[in-house]
Amino acid sequence: MYGCPGLVAAGEAFDPRVRAGIDIDGTAFVPVPKSGLSRPFLFLGTQEQHSPGGKDVSWDGVWQNLTGWKRWLVVAGAEHVSFTDIAVLGEQIGIYRNTDLPPARSMGITRTYAAAFFGLHLRAKPQPLLDERSPRFPEVKLCDVEQKACA
């Protein structure tokens, strides 16, 4: 499931089919209840907007109430549209160009990390990619929320 952690938390109370969630560069508009969200959750966003203590502090606000497995990753050079097919399609028709992170690369990152997350939590397949920085993806940084740093 993709979406806001608060919506997943609401779904947790009512729909046991929601087993894991990802927020891909979206503002967390709905807070996670103080009782917490025990389902696995992944934040994947732009370094500029979604680093701990960054411009969009909504992720900081829900992080502490995520009580299950969780990771916070940011992608250096990414823009909001980098995580969608808009960047790839826009580049093909000449209306999008991000020289910091090519669209095909950003789509590869999004697909790889989403597949790893769901592989781990829905198929129980180990995913070392989610535990540390990967030389294959130097743009992706693992965040330490308490230190307000991503490396």
Side-chain angles (χ1 to χ4, degrees), residues 1-9 11 18-32 36-37 39-151:
M1 159 156 230
Y2 294 94
C4 174
L7 296 177
V8 174
V18 177
R19 294 177 36 208
I22 300 176
D23 186 331
I24 300 179
D25 204 52
T27 297
F29 290 110
V30 180
V32 172
L37 171 61
R39 309 287 169 89
F41 208 87
L42 174 69
F43 283 126
L44 179 65
T46 61
Q47 183 174 353
E48 183 179 335
Q49 278 295 111
H50 287 112
S51 290
K55 292 179 182 177
D56 180 352
V57 297
S58 67
W59 289 10
D60 297 86
V62 299
W63 179 260
Q64 56 199 306
N65 290 339
L66 297 175
T67 59
W69 183 101
K70 59 187 176 181
R71 289 292 181 279
W72 185 325
L73 306 173
V74 295
V75 182
E79 299 173 350
H80 186 65
V81 299
S82 297
F83 302 100
T84 70
D85 57 358
I86 293 171
V88 175
L89 297 173
E91 181 182 55
Q92 291 177 11
I93 61 173
I95 62 170
Y96 177 80
R97 183 173 277 315
N98 177 352
T99 57
D100 291 338
L101 187 63
R105 178 69 175 165
S106 64
M107 284 301 301
I109 289 169
T110 304
R111 288 178 180 159
T112 300
Y113 279 85
F117 174 76
F118 288 122
L120 175 63
H121 297 291
L122 300 182
R123 295 188 174 142
K125 293 183 179 178
Q127 301 292 331
L129 179 68
L130 298 171
D131 294 328
E132 60 188 8
R133 293 277 308 265
S134 170
R136 287 180 41 216
F137 301 101
E139 308 91 339
V140 180
K141 299 178 180 187
L142 180 62
C143 297
D144 180 332
V145 179
E146 285 71 35
Q147 299 295 318
K148 296 202 181 300
C150 302

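These numbers were taken from a predicted model, which means no experiment stands behind them.
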Aromatic ring pairing Phe43/Phe41, orientation class (parallel under 30°, perpendicular over 60°, tilted between):
perpendicular
Sorted by chain and number, sequence neighbours left out, side-chain contact (heavy atoms from CB on, under 4.5 Å) with Val145 holds for Pro52, Trp63, Trp72
Please list, chain by chain and in numerical order, all residues satisfying ring-ring contact (aromatic ring centres under 6.0 Å, His included) with Phe83, sequence neighbours excluded.
none
Check: Asp60 side chain, Gly53 main-chain N or O, donor-acceptor pair, under 3.5 Å:
yes
Mutual orientation of the aromatic rings belonging to Tyr113 and Phe137 [parallel < 30°, tilted 30-60°, perpendicular > 60°]:
perpendicular
Kindly say whether Ala149 contributes a backbone atom to a donor-acceptor pair with the side chain of Asp144 at under 3.5 angstrom?
no
Side chain to side chain, Val75 and Ser106, heavy atoms closer than 4.5 Å
no
In terms of heavy-atom contacts, does CZ of Arg111 have more than 12 from other residues, nucleotides or ligands at under 6.0 Å?
no
Examine distances only and state if a side-chain atom of Arg133 and a backbone atom of Pro138 form a donor-acceptor pair shorter than 3.5 Å.
yes
Side-chain donor or acceptor of Trp59 paired with backbone N/O of Gly26 under 3.5 Å
yes
Within the supplied structure, the quantity of interest is the number of heavy atoms (other residues, nucleotides, ligands) at a distance under 6.0 Å from Glu48 CD; does it exceed 12?
no
Test log, rule side chain to side chain contact (heavy atoms under 4.5 Å, CB included), inputs Arg71 and Asp131
CA-CA 9 Å; Arg71 289 292 181 279; Asp131 294 328; 3.0 Å; yes
Kindly determine whether Leu142 and Glu132 satisfy side chain to side chain contact (heavy atoms under 4.5 Å, CB included), including the steps that lead there.
CA-CA 7 Å; Leu142 180 62; Glu132 60 188 8; 5.5 Å; no
Looking at His80 and Asp25, would you say the former's side chain and the latter's main chain have a donor-acceptor pair under 3.5 Å?
yes
